[in-house]
Colleague: 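Dropping a structure here in structure tokens format, bear with me for questions.
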Amino acid sequence: MKALTVQPLTAGSARLDDVGEPPESDGPVVVETLAIGVCGTDIEIVSGAYGWAPPGRDRLVLGHESLGRVLDAPAGADVAKGDLVVGIVRRPDPVPCGNCAVGEWDFCRNGQYTERGIKERDGYCSERYRIEPDFAVKVDPALGTLGVLLEPASVVAKAWEQVERIGNRAHWQPARALVTGAGPIGLLAALMGVQRGLDVHVLDQVTTGAKPRLVAALGATYHTGSVQDTGNTPDVVIECTGVGSLVFDAMEHVAPGAVVCLTGVSSGGRCLDVDAGLLNRSMVLENEAVVGSVNANRRHYQAGADALAKADPSWLEKLVSRRVPLEKWSDALDRQPDDVKVVIELAQ
Ligand code: BGC
């Protein structure tokens, strides 16, 4: 069968390979892959900056945002032949640490977790894959091919969960949220902010195209320029760019008691001039919290699925800005100015 593979940490090594059928050791559920979403992490892996092959191998099957149809499942499993499913990305570490032991692998404490398509486990961008029943999440058939948005939605649902858990340390009645970055993560963060009844503001660089339109269609406000230009200070910031200067700007311009959630994985090597004393002082005097958030556990996939089910399907449809057949995979990884979410299609 065909699979999109890459030699991690080697730029330009991605190619469409002929590989064997998925090994039984991956799990008893056999899935036909329908679609794979492409995200910044995939582009980083393909550029040679991130990713780990499975132990003893050079190459990794790419793809962690998936949608598939079950071809075969053991009797008694929660998924059955014909179901649409999304594969969970992370697997708990083998020790396991306290968090992995209770299904909170997104909080793995020893770094020995694995991730399909990213870290030491083949991903889903092959014509078929196998998976453990507990790591296949059933998708509402009403969502159809938009189910491919569930993995990024799970990551955003986790970020909102963190914000709310921290916010609820005291009386918490947030009114205004700022989302930095209008990529798929930022737009899904804006969607979930609007669903919570917040006055949502989204900051990005582009002035035309799908992003401003998608933000306006949510009833949120789109801004370009600096964090200060977005107006009143927010109670919640969901930072989705990983751009250091924006991260610090966002931390400096928040309402008392605000929660700033960082979701963008940045590369190192850039230094900034920051008035650390002033930042410390305002964070202390105003009880501000900054929290990093990565990955998602099963509860977050459920929360992401609920958010997608409540969203306007025509809005979600516009998040998928390009669909590319597997044979043209390199077009999918080649970022275009008006891209939001690009999807590789493997089957109908
Ligand atoms: C994925 C997460 C993963 C993270 C770090 C993201 O792109 O969506 O599931 O944990 O990368 O590898």
Side-chain angles (χ1 to χ4, degrees), residues 4 6 8-9 14 35-54 60-67 85-93 97 99-100 103-125 129 131 135-137 147-162 181 183-189 192 238-243 261-268 291-305 307-308 319-320 332-333 335 339-344:
L4 181 55
V6 63
L9 307 186
I36 294 292
V38 174
C39 85
T41 302
D42 299 304
I43 291 173
E44 254 194 73
I45 295 174
V46 168
S47 78
Y50 194 62
W52 296 257
L60 167 80
V61 176
L62 208 63
H64 62 279
E65 299 183 5
S66 67
L67 177 72
V85 290
V86 165
I88 290 179
V89 175
R90 199 175 274 198
R91 296 294 177 279
D93 77 74
C97 75
N99 289 323
C100 284
E104 303 221 323
W105 50 75
D106 54 316
F107 270 87
C108 180
R109 287 174 56 81
N110 61 25
Q112 293 179 45
Y113 64 83
T114 51
E115 290 182 339
R116 290 203 67 160
I118 301 175
K119 186 170 183 276
E120 297 167 0
R121 256 180 212 267
D122 279 335
Y124 300 120
C125 197
Y129 67 83
I131 190 165
F135 289 85
V137 182
V148 74
L149 296 172
L150 181 51
E151 195 279 340
S154 73
V155 167
V156 175
K158 172 181 170 178
W160 274 106
E161 184 194 80
Q162 300 309 301
I185 295 290
L187 289 165
L188 288 168
M192 293 185 205
I238 311 277
E239 205 299 308
C240 307
T241 70
V243 174
C261 184
L262 309 180
T263 69
V265 183
S266 39
S267 45
V291 59
S293 182
V294 71
N295 196 252
N297 65 43
R298 220 186 148 95
R299 180 175 74 246
H300 306 125
Y301 279 79
Q302 194 48 58
L308 293 180
L319 270 192
V320 181
L333 293 164
R335 265 200 177 143
D339 277 345
V340 186
K341 174 58 70 189
V342 178
V343 166
I344 301 177

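In this chain, numbering begins with 1 at the start of the sequence shown. When a ligand or atom number is given, it counts from 1 through the structure's own listing order.
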Colleague: Mark yes or no for whether K119, through its side chain, and Y113, through its backbone, hold a donor-acceptor pair below 3.5 Å.
Modeller: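 Yes.
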
Colleague: Please output the residues near ligand 1 using a strict heavy-atom distance under 4.0 Å, listed in chain and residue-number order.
Modeller: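 If the criterion is a heavy atom under 4.0 Å, then ligand 1 touches C39, T41, Y50, H64, V89, R90, E115, I118, E151, V155, V294, N295.
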
Colleague: Considering residues at least two apart in sequence or located in another chain, which fulfil the salt bridge (charged side-chain N to carboxylate O under 4.0 Å, His left out) criterion with E120?
Modeller: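 E120 satisfies salt bridge (charged side-chain N to carboxylate O under 4.0 Å, His left out) with no other residue.
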
Colleague: Looking at R116 and V89, would you say the former's side chain and the latter's main chain have a donor-acceptor pair under 3.5 Å?
Modeller: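 No, the answer is negative, given that no donor and acceptor are paired below the 3.5 Å cut-off.
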
Colleague: Is it the case that the side chain of T241 and the backbone of G181 share a donor-acceptor pair, with hydrogens and angles ignored and the cut-off at 3.5 Å?
Modeller: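 Absent.
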
Colleague: Give a yes or no answer on whether the side chain of T263 reaches the backbone of E239 with a donor-acceptor pair at less than 3.5 Å.
Modeller: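 Yes.
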
Colleague: Closest approach of C97 and C108, non-hydrogen atoms and distance?
Modeller: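 Minimum heavy-atom separation between C97 and C108: SG-CA, 3.9 Å.
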
